[in-house]
Visitor: 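Please read through the structure below; I'll follow up with questions.
Worth knowing before you read on, the calculation uses all heavy atoms, side chains too, and leaves out hydrogens, waters and symmetry mates. Since we're looking at a predicted model, the values are computed, not measured.
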Amino acid sequence: MQVMSALSQATRLEVFQRLVESLPDGMASGELAAAIGSSPNTMSAHLAVLTRAGVVRSDKVGRTVVYRAVTKPVEELSGFLAQACEMPSDLTS
């Protein structure tokens, strides 16, 4: 599952969390890099992974590219994991 893989790396998880906090406005790559103390080149690589996983999208606003979190895939993963971790009722007695 690409979503889990993308978010399993600490910097990418932090980027995603920052983008969720900035919804609906989003953030530019340079803003994100400054916010988490990363270089712009490294930020571009992380954003590419997150975009391929479907948890980040980008929109061109004038001359700036704004990145926004896409929360639905993460919500679906969370629901799947919660269901997968439930113990059958006959085991909890």
Visitor: Would you please test His46 and Leu32 for side-chain contact (heavy atoms from CB on, under 4.5 Å) and show each step?
Guide: CA-CA 11 Å; His46 288 306; Leu32 280 165; over 6 Å; no

Visitor: With sequence neighbours left out, write down each residue that passes side-chain hydrogen bond (donor to acceptor under 3.5 Å, both in side chains) with Ser39, or none if nothing qualifies.
Guide: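 By the side-chain hydrogen bond (donor to acceptor under 3.5 Å, both in side chains) rule, Ser39 matches Thr42.
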
Visitor: The criterion is side-chain contact (heavy atoms from CB on, under 4.5 Å); which residues satisfy it with Ala35, sequence neighbours excluded?
Guide: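 If we apply the side-chain contact (heavy atoms from CB on, under 4.5 Å) test to Ala35, skipping adjacent residues, the hits are Arg18, Met27.
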
Visitor: Quick one: does Ser78's side chain have a donor or acceptor within less than 3.5 Å of a partner on Val74's backbone?
Guide: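 Pair absent, no side-chain N/O of Ser78 close to backbone of Val74.
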
Visitor: Under the salt bridge (charged side-chain N to carboxylate O under 4.0 Å, His left out) rule, collect the residues that match up with Glu76, sequence neighbours excluded.
Guide: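 Lys72.
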
Visitor: Taking only residues two or more places apart in sequence, or in another chain, which ones meet Ser44 in a side-chain contact (heavy atoms from CB on, under 4.5 Å)?
Guide: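 So Ser44 forms a side-chain contact (heavy atoms from CB on, under 4.5 Å) with Ser29.
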
Visitor: Report yes or no: do Leu50 and Ile36 belong to one cluster of Ile/Leu/Val/Met/Phe/Trp/Tyr joined by side chain heavy-atom distances under 4.5 Å?
Guide: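 Yes, Leu50 and Ile36 fall within the same hydrophobic cluster.
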
Visitor: Can you tell if the side chain of Arg68 reaches within under 4.5 Å of the side chain of Asp25, non-hydrogen atoms only?
Guide: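 No, every pair of side-chain atoms sits at 4.5 Å or beyond.
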
Visitor: When you group the ILVMFWY residues by side-chain heavy-atom contacts below 4.5 Å and let the links chain together, are Val20 and Val15 in the same group?
Guide: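 Same cluster.
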
Visitor: Once side-chain hydrogen bond (donor to acceptor under 3.5 Å, both in side chains) is applied, do any residues pair with Arg57, and if so which ones, sequence neighbours excluded?
Guide: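 For Arg57, the residues satisfying side-chain hydrogen bond (donor to acceptor under 3.5 Å, both in side chains) (neighbours in sequence not counted) are Asp59.
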
Visitor: Taking side-chain hydrogen bond (donor to acceptor under 3.5 Å, both in side chains) as the test, write out the residues that go with Glu75, two or more places apart.
Guide: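 If we apply the side-chain hydrogen bond (donor to acceptor under 3.5 Å, both in side chains) test to Glu75, skipping adjacent residues, the hits are Thr71.
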
Visitor: Ala28: which residues meet the side-chain contact (heavy atoms from CB on, under 4.5 Å) condition with it, sequence neighbours left out?
Guide: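 Counting only residues at least two positions away or on another chain, Ala28 forms a side-chain contact (heavy atoms from CB on, under 4.5 Å) with Glu31, Thr64.
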
Visitor: By the rule that ILVMFWY residues connect when side-chain heavy atoms come within less than 4.5 angstrom, directly or transitively, which residues belong alongside Val61?
Guide: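 Noted: Val61 shares its cluster with Val66.
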
Visitor: Is there a side-chain contact (heavy atoms from CB on, under 4.5 Å) between Leu81 and Met4? Walk through the geometry before answering.
Guide: CA-CA 10 Å; Leu81 291 173; Met4 192 180 302; 4.0 Å; yes

Visitor: Name all residues meeting the side-chain hydrogen bond (donor to acceptor under 3.5 Å, both in side chains) criterion together with Ser5; count only those two or more places apart in sequence or in a different chain, and write none if there are none.
Guide: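 Partners of Ser5 under the side-chain hydrogen bond (donor to acceptor under 3.5 Å, both in side chains) test: none.
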
Visitor: Can you see which heavy atom on Phe16 is nearest to which on Leu7, and at what distance?
Guide: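 So the two residues come closest at CB-CD2, 3.7 Å.
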
Visitor: Connecting only ILVMFWY residues whose side-chain heavy atoms lie within less than 4.5 Å of each other, what is the rest of Val70's hydrophobic cluster?
Guide: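 Other cluster members: none.
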
Visitor: Minimum heavy-atom separation for Ala69 to Leu23, with atom names?
Guide: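 Smallest heavy-atom distance, with atoms named: O-CD2, 3.8 Å.
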
Visitor: Is it the case that one hydrophobic cluster holds both Leu77 and Leu19, taking links as side-chain heavy atoms less than 4.5 Å apart, direct or via other members?
Guide: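 Yes; tracing contacts between hydrophobic side chains, which count when under 4.5 Å, links both residues.
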
